[in-house]
Amino acid sequence: MSECRFFIPGPTWVRPEILGEMTKPMMGHRSAEFRDLFTRIVAGLKPLFGTTQDAFVATCSGTGLLEAALINTATRRVLVTVCGAFSERWFAIAGSLGLEADKIEVPWGQAIDPDDLANHLASRRGHYDTVCITHNETSTGVTNDVAALARVVRNESPDTLVLVDAVSSLGGIEVRFDDWGLDVCVASVQKGLALPPGIAVAAVSERALACAKKVPYRGVYFDFLAYKKHADDGSVPSTPSLPHFYALARQLDDMAKETLETRYARHRAMRAAVIERTSPYAKLAADPEHASNTVSALQPLHATPDAIRSEMKKRGFTLGGGYGQWKETTFRIGHMGDMTLDDIQNMLEVLGAIS
Ligand code: PLP
């Protein structure tokens, strides 16, 4: 068991070894040492995303790269699949960029139905530049079937790009960028990768880069073509957060040692423990068929979410609050990153006693 007592759905608890990496000396980001570090990071990111295409690292939170995904691939219309507060964010970003955005939406707690997406796209072939999907909806604890949804887009509207928010799934739930035919997939590092917040990562397809070439105004900071040019040279377009790069390189090495299969199995086991052991006193708010391996939103049966969280806080454990329209009725347990099944069991023991 580790020293983890922190169970919000991001940022997650960070191992001391990772924090230690962040105190290493500075280096120039055009130096040979940086090129080595960057090359190591890209080599670790590609299997994590399941891609042989490009992987970029940007100094910003996940939202920055979500915005970048749209800036670089969409000039007209986008379709957003909405199943909670974070998937709604794609819609807000699209609107703020002046894009015409439509949405298909399901009630909170449910996953996007591939048939709904197919029906919506069937009569709109070529209408949308992109379809935006959220892999793991952190506000509700629902995981969407990205493989099925991306397949629908490919079948119904083959020229439409598929953009995926994997902010709270990457590192805890498998992503298969190439097999699923994705075009941009974005993640923050403070969730499944268990680093302090501050950088974000993305896989970007050749198709997305070809598309970016046709977008006349891509801005400077988030221009994917600049990222590509510098990545080919072992660097990034502007000064990166070097402490995070050190930490990411170490974390990717450690994840490869754990093996991705073992890591995903650990996340599945943590989810199962949370659902099973809270069931006498809390209802899982998400459709159990799509329950997330990294976060659970729970509706307590006998106490208020606030009371539960504050009792846990007194005992040294931090749990997440409800989010958006579920703020008053749920609390959330983040079970992602580097925490162990024992950490979760230890927390659930105490939670069971006060619930
Ligand atoms: N998308 C999802 C699914 C999230 O859970 C979050 C944050 O919790 C975001 C996007 C925003 O990410 P960031 O805070 O790294 O910008």
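Counting starts at 1 for both ligands and their atoms, following the listed order.
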- Item | Asp343 side chain to Thr340 side chain, donor-acceptor N/O pair below 3.5 angstrom | yes
Query raised in the report: For Ser61, is at least one N or O under 3.5 Å away from an N or O on ligand 1?
Result: yes
The protein heavy atom nearest to atom 12 (O) of ligand 1 is Ser188 OG, 3.6 Å
For Gly62, the ligand 1 atoms with a heavy-atom partner under 4.0 Å come out as 13 (P), 15 (O), 16 (O)
* Modelled atom types, side-chain donor and acceptor of His135 and Thr143, under 3.5 Å -> no
Asn136 heavy atoms within 4.0 Å reach ligand 1 at atoms 3 (C)
Which of Leu121, Leu117, Asn119 passes side chain to side chain contact (heavy atoms under 4.5 Å, CB included) with Ile104? It is Leu117
Logged contact type for Asp165 with ligand 1, heavy-atom cut-off 4.0 Å, is side chain
Nearest heavy-atom approach of Phe6 to Met339 is O-CE, 3.8 Å
Item to complete: Check if Lys191 has a non-hydrogen atom at a distance under 4.0 Å from any atom of ligand 1.
Response: yes
Honestly, for Arg89 the part within reach of ligand 1 (heavy atoms, under 4.0 Å) is side chain
When every non-hydrogen atom of Ala166 is compared with those of Ala187, the smallest separation belongs to O-CB, 3.5 Å
In ligand 1, the atoms that come under 4.0 Å of a heavy atom of Thr63 are 11 (C), 12 (O), 13 (P), 16 (O)
Ranked by distance from atom 14 (O) of ligand 1, the top protein heavy atom is Gln190 NE2, 3.9 Å
Would you say the ring centroid of Tyr227 lies under 6.0 angstrom from that of Phe222? no
Q. Taking N or O atoms only and a 3.5 Å limit, does Val167 qualify as a polar contact for ligand 1?
A. no
Residue, atom and distance of the protein heavy atom nearest atom 9 (C) of ligand 1 read Phe86 CD2, 3.6 Å
Is it the case that the side chains of Gln53 and Ser205 hold a donor-acceptor pair, with the cut-off being a distance below 3.5 Å and no angle test? no
Review point. His120 vs Tyr128 aromatic rings, parallel, tilted or perpendicular, using cut-offs 30° and 60°?
Key: parallel
shortest atom 5 (O) of ligand 1-to-protein heavy-atom contact is with Thr138 OG1, 2.5 Å
